[in-house]
Each structure stands twice: as structure tokens, then as C-alpha cells.
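From a predicted model like this one, the values you see are computed outputs, not experimental measurements.
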Amino acid sequence: MQLFLIQLLNGVQLSMLVFLLAVGLTLIFGLMNILNLAHGAFFTMGAYFGLVVANKTGSFWLALLIGPLLPFVAGFLLQFFVLQPLAQRGRSTHLDLALLTFGLLFATAGAVEYIYGSAFHSIAMPDFLKGRVALLGIEYPLYRLFIIAVGIAVAVALVLVIDRTLVGATLRAGVDNREMVTALGININVLFALVFGFGSALAGFAGVISAPVMSIYSNMGIGIVVTTFVVVVVGGLGNLKGSFYASLIVGMTDTFTQAFLPEAELFAIYALLIAVMIFRPHGLFGAVGRVA
């Protein structure tokens, strides 16, 4: 029973980490329909920039605050100066975007390895988040509970912003009818670039917050981006709540498979993806047709 509870909490913790990545991709790919394979590159950028800040200041909190700024700026510039001009020239098919961002993903991994080498790094967690706490009859690492709490807080905040604020309404209207929003005097290109940057910053945030429990290395974003796409597709494109629930399903599937069925570890979540695509091609929580 204790092993089950530990794996259950590990699954929730992994799910929240994946959610922080997937929700940014949901905003970019699901809502704005921009296929962004470079999302893993922003995860890597955030982790390494956070590492630089942590090494300079000795502060985890400054690393968590400043680390996402680099992927935010990089994402904004990519969308505003590269992807939008491509769309205006009619070169914004999923194949065009997949090839471009696929190259960016591997170029980033190669550049990071050139600068920092292939060594593994980590960011030290704050002292008061070290240690374990008693929970449900077991002792569980406090930092992992912190990750769970942050993931839930981000989920609630994003749902409120998208569903209850003028910014969220403008974004949804811009996705549905770009010309109408532009006619109202709103610079939709800047808004989309800001949303792209924010989604990239969330990936960078996930890179920093995962650093104390997962190693920082040059190829860290390549593997995780596949899992992130699985979450977005399983949850339903453009569905924030769907991404949250799908993160839990994928995280639990991965964790429990590793613990209790290790021979299926390499393909379990992909089998899940195939099953969803066959029986629910719009995702487990997606409506028929794209949700905006």
C-alpha cells in the first residue's frame, strides 16, 4: 500500500511538471494553431538560464523568477519576426512550421552542448523545501509537494484568465476572427506574440522548477516535447482543462508503468495516444471541431 501511495504522488508530481509544459503548448498549438516543435527548446533555455542565475546569485527563487524571461523573449521574437511573416507569405502550413521549429529544437540543443558541454547540472532547492513530510502514512519529499501545488495554482490561474478576463476574451476572439479584432483597434500580431512568449515562458518555468529533481542537460527538451504533444492531443486541442486532466492521465500512466510494468515503459503513453486517436480523435475532453 505504501508503494502504491508513493507512486500515486510521484505520478501527480510528474503530471504537474508535464502540465506546465503542455499548457504553454496548448495556448500556442491548440488555441493559435501554430505547430511548435521548438517548445522543448524553450524548456531547455529556461533551465539553463535559471542555472546561470542560480550560480551567480545562489538563489533558487531568483532563478525561478528570471529563468523564464529568456524563453519569453525568444518566443516573442520567434513569433513576431519569423512565424507571423511566414504566415503572411502563405508559408504557415503545419509542415512548414514543423520543419522550422524542428530545426530550432535541435539547433538549441546543439548550441547548449557546445557552450556548456554534455555534463549534467542541477539547481539546489531552497533549504525550507528540503526534507520530507508525513502524509497518508508515508513520508514524502516536501519539494515534490511544492511542484504539485504550483501546477494546480497555475492551472486555476490560467483558466480564470482565459475564461473570465478581457485578455482571454480578446485572444479567443482573435483566434476565431482575426479581422474583426483588428478592426477594433487591437494589434493582434502583438497579442499573439505575447501569448506565444508567455507559453514559451511557462516551458522555461517548468525547466527551472524541475531542475532540483531532474538533471539539466543539453538534450533535455527533445524527449519531453514528445510527451507534451501526447498530452495536448489526448486532452483535446485548445482545451486548458483537457490538458490538465490529460497531464494526470499521461503522468500516471508513465509512473505506474515504470513502477509495476517496466517492460511496457517505452511504449505505454504512445499506446494510449493511439487508442485515443482511434476512438476519440478530437481528444478525451475536446469538442468536435477546434475549440477557440
Side-chain angles (χ1 to χ4, degrees), residues 6-7 9-22 24-25 37-71 74 104-127 129-132 140-148 150-151 200-231 247 250-251 253-259 262 265-266 268-269:
I6 291 174
Q7 296 306 326
L9 290 171
N10 285 342
V12 176
Q13 180 255 302
L14 175 63
S15 300
M16 292 304 100
L17 270 182
V18 173
F19 170 73
L20 290 174
L21 267 167
L25 196 60
L37 294 179
H39 205 63
F42 299 123
F43 178 66
T44 305
M45 284 183 199
Y48 272 90
F49 195 45
L51 176 66
V52 170
V53 174
N55 287 341
K56 291 289 185 184
T57 65
S59 170
F60 167 83
W61 299 112
L62 283 177
L64 192 61
L65 182 66
I66 299 174
L69 294 181
L70 178 61
L104 180 59
L105 172 64
F106 280 87
T108 300
V112 167
E113 184 158 333
Y114 177 77
I115 297 171
Y116 293 97
S118 56
F120 288 72
H121 306 275
S122 182
I123 297 175
M125 67 182 70
D127 289 340
L129 290 178
K130 294 178 179 176
R132 295 170 175 268
Y140 197 73
L142 182 57
Y143 188 80
R144 292 180 181 268
L145 294 176
F146 168 70
I147 292 175
I148 294 172
V150 170
S200 304
L202 280 175
F205 183 81
V208 179
I209 203 171
S210 67
V213 293
M214 299 170 64
S215 297
I216 297 174
Y217 57 101
S218 58
N219 291 322
M220 61 187 290
I222 295 176
I224 197 73
V225 76
V226 179
T227 304
T228 307
F229 268 99
V230 172
V231 169
S247 296
V250 172
T253 300
D254 190 54
T255 301
F256 277 91
T257 303
Q258 288 186 42
E265 174 188 352
L266 292 178
I269 63 171

S.K.: So do the side chains of V213 and I147 get within less than 4.5 Å of each other, counting heavy atoms only?
M.R.: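 Side chain of V213 against side chain of I147, heavy atoms only: contact under 4.5 Å found.
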S.K.: How close do N219 and A109 get, counting heavy atoms only, and between which atoms?
M.R.: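 In terms of heavy atoms, the two residues are closest at OD1-CB, 3.5 Å.
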S.K.: Is there a side-chain contact between V112 and T108 in this structure, where contact means two heavy atoms from C-beta onward sitting under 4.5 Å apart?
M.R.: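 In short, these two side chains touch, coming nearer than 4.5 Å.
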S.K.: Search all heavy atoms of A211 against all heavy atoms of I216 and return the closest pair with its distance.
M.R.: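 For A211 and I216, the tightest heavy-atom pair comes out as CB-CD1, 3.6 Å.
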S.K.: Only one of T227, I224, V231 forms a side chain to side chain contact (heavy atoms under 4.5 Å, CB included) with L21, so which one is it?
M.R.: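 Of all the options given, the one that passes is I224.
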S.K.: Where the side chain of T228 meets the backbone of A22, is there a donor-acceptor pair that is under 3.5 Å apart?
M.R.: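 Side chain of T228 to backbone of A22, a donor-acceptor pair under 3.5 Å: no, none is there.
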S.K.: State, with a plain yes or no, whether a side-chain heavy atom of M214 is found less than 4.5 Å away from one of L17.
M.R.: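 Yes - at least one pair of side-chain heavy atoms lies under 4.5 Å apart.
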S.K.: Does L25 form a side-chain contact (heavy atoms from CB on, under 4.5 Å) with L202? I'd like the steps, not just the answer.
M.R.: CA-CA 9 Å; L25 196 60; L202 280 175; over 6 Å; no
S.K.: Over all heavy atoms of both residues, which pair between L129 and L142 is shortest? Give the atoms and the distance, please.
M.R.: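 Where L129 meets L142 most closely, the heavy atoms are O-CB, 3.6 Å.
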S.K.: Looking only at non-hydrogen atoms, find the nearest pair between A268 and T253 and report the distance.
M.R.: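 So the two residues come closest at CB-CG2, 4.1 Å.
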S.K.: Kindly give the heavy-atom pair with the smallest separation between Y143 and I209, and that separation in Å.
M.R.: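 Closest pair (atom of Y143, atom of I209, distance): OH-O, 2.6 Å.
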S.K.: Rounded at 0.5 Å granularity, tell me how far CG in L69 sits from CZ in F205.
M.R.: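 It comes to 12.0 Å.
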S.K.: Do the side chains of L20 and M16 get nearer than 4.5 Å, heavy atoms only?
M.R.: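 No, every pair of side-chain atoms sits at 4.5 Å or beyond.
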S.K.: Atom OG1 of T255 and atom CD1 of I6: how far apart are they, to the nearest 0.5 Å?
M.R.: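 Between T255 OG1 and I6 CD1, I get 13.0 Å after rounding to 0.5 Å.
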S.K.: Can you give me every donor-acceptor pair (side chain of residues 42-65, partner residue at least two apart or in another chain, under 3.5 Å) with its distance?
M.R.:
from, atom 1, to, atom 2, distance (Å)
T44, OG1, G40, O, 3.1
T44, OG1, G221, N, 3.3
Y48, OH, S218, N, 3.1
N55, ND2, L51, O, 3.3
T57, OG1, V53, O, 2.8
T57, OG1, S59, N, 3.2
S59, OG, W61, N, 3.3
S59, OG, L62, N, 3.1

S.K.: Can you name the side chain to side chain donor-acceptor pair (under 3.5 Å) partners of Q258, sequence neighbours left out?
M.R.: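 So Q258 forms a side chain to side chain donor-acceptor pair (under 3.5 Å) with D254.
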S.K.: Look up atom CD in E113 and atom OH in Y217, then write down how far apart they are to the nearest 0.5 Å.
M.R.: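 Atom-to-atom, E113:CD and Y217:OH are 11.5 Å apart.
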S.K.: Only counting residues at least two apart or in another chain, list the ones meeting ring pair (Phe, Tyr, Trp, His ring centres under 6.0 Å) with Y140.
M.R.: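 Partners of Y140 by the ring pair (Phe, Tyr, Trp, His ring centres under 6.0 Å) criterion come out as none, since no residue qualifies.
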S.K.: May I ask you to test the N10-R144 pair for a side-chain heavy-atom distance under 4.5 Å?
M.R.: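 Sidechains of R144 and N10: in contact.
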S.K.: Which atoms form the tightest heavy-atom contact between G24 and H39, and what is the distance?
M.R.: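 In terms of heavy atoms, the two residues are closest at C-CE1, 3.7 Å.
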